[in-house]
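Here is the structure we will look at.
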Amino acid sequence: YLNSSENDYLVHRSVNGTAAFTEAAITLIARPMDRLRVGIQFLGRNFGTTGNDQVLIDWAYGDYSWKDQLGLRAGKVKLPFGFYNEGRDVDMLRTSIFLPQSIYNERQRDFVLAYEGVGAYGNFDLQGGGALDYHVYGGTLNVPDATVGFWGDLYREGGRSAAPLAGLIVDWEYGNPPGTAEASFASLENPTITFPWIFGGSVIWNTPLYGLRFGSTIMTGLYDIQATLRYDVEIPEGSNGAGYHPYVQVIDETSEINYLATVSAEYVHDDLTLAAEYYSDKFEEAKTIGWYVLSDYRFSRLFSLCAYYADLSPLEGDQEKKAFEAMVYPDYYAWQKDLTISTRFDLTDFWLFKLEYHFLDGLAGSHPGSLPEESADPRERNW
């Protein structure tokens, strides 16, 4: 159950309180040979407007472990991204409800959970230097439905922000001064996103100090986007071409994922866990950076407490300033600073209960439905 003040958090209408956050799965695993494991998971998920409990194949792969230094996986395989992406759905592994959203954005889960392709992995014993784990892969990513969730919201927000441009184009066609026509985003039709190819990998150094490990992951690739955006454009009386003029924009572009990269550190000692991760990506000219620091302590068999501070900045430096000046939005639309306190109660061997509170500064992680159509109506910065 989610409830937020002022702005929607991750899902639409969380300001009113929502229980649209459910998952149900069936997992089947078999070992037909000593070194071969095969498995599949079917998942029905409801996360705001994403999923709507439609049952999909969450992951499915075959894994052949030839030796410690080399194994092969093929199919839809959990994506190594940071330390915790591969286990993000296993709630009993951690105290917190949400992993830090500066890196593990819950709205992006459906396409960063697993790659579809082939991977190789293994472990090398460094003798006195600890051990090294690696995982390299190539293939594609899957977006089952680009009309909803992260990608649907992204298309619609892009359509709304481009409405003034549609008005300028119609003004130019009819020879009117710029700003004469009034344009609004009307609809999104047939959006798709495909990834022709991706490559990536991870490396984790398990140091000689028990419980201390460092790691890094990276991914690069290409993605294609297609969609039709429709706009309602009205030219007022007294101007050339006065009246209603529908405007259509067809998008068909191929862009590059320059990189998605993480650097991670974790120390586990008895009931204490300390972790920190840094994230950076670049899509063409757009950059994002995020990081967090986390502390988790299990006080008793019954009670655990976790606190983390996460920081997300979708754009960097002058680029950030220019972008938000152009949109006439307050600068705090560009970032999200998140101080989170999580509690976990293991009531019995079979039941656990969690309660989590976020202190948020900025709107970068809010649901796009929170963003105003008009910049004269800014949302709350602290919520």
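Numbers for residues simply follow the sequence, beginning at 1. None of these values were measured; they are calculated from a predicted model.
Looking at Q101 and Y292, their side chains never come closer than 4.5 Å, going by heavy atoms from C-beta outward. Inter-residue side-chain proximity for R213 and D133 is flagged as unmet; no heavy-atom pair is nearer than 4.5 Å. Taking 4.5 Å as the limit, some side-chain heavy atom of V90 sits within range of a side-chain heavy atom of M92. Side-chain contact between F195 and N142 is absent, with no heavy-atom pair separated by less than 4.5 Å. You'll find the side chain of V38 reaches within 4.5 Å of the side chain of P32, heavy atoms only. Taking the side chain as every heavy atom from C-beta outward, P80 and E86 approach each other to under 4.5 Å. S96 has its side chain within reach of Y308: a pair of non-hydrogen atoms, C-beta onward, lies under 4.5 Å apart. Taking the side chain as every heavy atom from C-beta outward, L141 and V112 never approach each other to under 4.5 Å.
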TODO: Output, in order, the C-alpha distance, side-chain angles, deciding distance and verdict of side chain to side chain contact (heavy atoms under 4.5 Å, CB included) for E189 and S187.
DONE: CA-CA 7 Å; E189 297 178 3; S187 64; 3.9 Å; yes

Open item on the list: Does Y309 form a side chain to side chain contact (heavy atoms under 4.5 Å, CB included) with W291? I'd like the steps, not just the answer.
Closed with: CA-CA 8 Å; Y309 179 79; W291 58 272; 3.6 Å; yes

Task: Test side chain to side chain contact (heavy atoms under 4.5 Å, CB included) applied to V11 and F21, step by step - done: CA-CA 9 Å; V11 300; F21 181 29; over 6 Å; no

TODO: For the pair M219 and Y137, evaluate side chain to side chain contact (heavy atoms under 4.5 Å, CB included) and give the outcome as yes or no after the intermediate values.
DONE: CA-CA 9 Å; M219 186 182 79; Y137 60 86; 3.5 Å; yes

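Below 30°, between 30° and 60°, or above 60°: for Y9 and F98 the angle between ring planes is above 60°, a perpendicular geometry. Note on ring orientation: taking the six-membered ring where Trp is involved, the planes of F345 and F353 are tilted (angle from 30° to 60°). Relative ring orientation between F359 and Y357 is described as tilted, the plane-to-plane angle lying within the 30° to 60° band. F81 and Y279 have perpendicular rings, their planes meeting at more than 60° on a 0 to 90° scale where under 30° would count as parallel.
Shown here for D171 and G179, the closest heavy-atom pair between the two residues is OD2-N, 3.0 Å. Between E356 and I97 the shortest heavy-atom distance is OE1-N, 2.7 Å. Nearest heavy atom pair, residue S313 against residue D311, reads OG-OD1, 3.5 Å. A276 approaches V293 most closely through the heavy-atom pair CB-CG1, 4.0 Å. L212 and T207 get closest at one heavy-atom pair: O-OG1, 2.9 Å. Minimum interatomic distance between L188 and A227 (heavy atoms only, all atoms of both residues): CD1-CB, 3.9 Å.
Within a 6.0 Å sphere centred on OH of Y210, other residues, nucleotides and ligands contribute 12 heavy atoms or fewer. Around the CD atom of Q249, the shell of radius 6.0 Å holds more than 12 heavy atoms that belong to other residues, nucleotides or ligands. More than 12 heavy atoms of other shown residues, nucleotides or ligands fall within 6.0 angstrom of atom CG in D252.
Between D89 and R45 there is no salt bridge, since no side-chain N of the basic residue sits under 4.0 Å from a carboxylate O of the acidic one. Ion pairing between a basic and an acidic side chain is recognised when a charged N comes within 4.0 Å of a carboxylate O; K354 and D91 show such pairing. For the pair K282 and E256, the salt-bridge criterion is not met [side-chain N within less than 4.0 Å of a carboxylate O]. Remark: R381 engages D361 in a salt bridge, criterion side-chain N to carboxylate O under 4.0 Å.
Side chain of S342 to main chain of T95: no donor-acceptor pair is present (N/O by atom type, distance under 3.5 Å, no hydrogens or angles). Formation of a donor-acceptor pair under 3.5 Å by the R37 side chain with backbone atoms of R31 is not found in this model. Side-chain N or O atoms of R298 include none that pairs as donor or acceptor with a backbone N or O of T273 at under 3.5 Å. One N or O on the side chain of E277 and one on the backbone of F83 form a donor-acceptor pair closer than 3.5 Å. The backbone N or O of L79 lies less than 3.5 Å from a partner atom in the side chain of N85, making a donor-acceptor pair. Although no hydrogens or angles enter the test, the distance criterion places no donor-acceptor pair under 3.5 Å between the side chain of T262 and the main chain of Y278. Proximity of a side-chain donor or acceptor of Y104 to a complementary backbone N or O of Y84 within less than 3.5 Å is detected. For the pair D8 (side chain) and R13 (backbone), a donor-acceptor distance under 3.5 Å is present. With D125 contributing its side chain and Q127 its backbone, the two residues share a donor-acceptor pair below 3.5 Å. No donor-acceptor distance shorter than 3.5 angstrom exists from the side chain of D296 to the backbone of R94, with no hydrogens or angles considered.
Between the side chains of S14 and S4, at least one donor-acceptor pair of N or O atoms lies under 3.5 Å. Defined by atom type and a distance below 3.5 Å, a donor-acceptor pair is missing between the side-chain atoms of T140 and E116.
For an aromatic pair to be called close, the ring centres must be under 6.0 Å apart, and W59 with Y61 satisfies this. Residues F124 and W205 keep their aromatic ring centres 6.0 Å or farther apart.
Here the straight-line distance linking atom CG of L347 with atom CG of L302 works out to 6.5 Å at 0.5 Å rounding. Residue E234 holds its CD atom at 13.0 Å from OG1 of T180, rounded to the nearest 0.5 Å. The line from NE2 of H135 to NZ of K78 is 12.0 Å long, rounded to the nearest 0.5 Å.
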Tell me which donor-acceptor pairs under 3.5 Å the side chains of residues 69-76 have, and how far apart each pair is, sequence neighbours excluded?
residue: R73; atom: NE; partner: D63; partner atom: OD2; Å: 2.8
residue: K76; atom: NZ; partner: I57; partner atom: O; Å: 3.1

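Residues W197 and V136 are members of separate hydrophobic clusters, defined by side-chain heavy-atom contacts under 4.5 angstrom among Ile, Leu, Val, Met, Phe, Trp and Tyr.
Applying the ring-ring contact (aromatic ring centres under 6.0 Å, His included) test to pairs two or more places apart or on separate chains, those with a residue in residues 224-254 are Y174-H245, F185-Y231.
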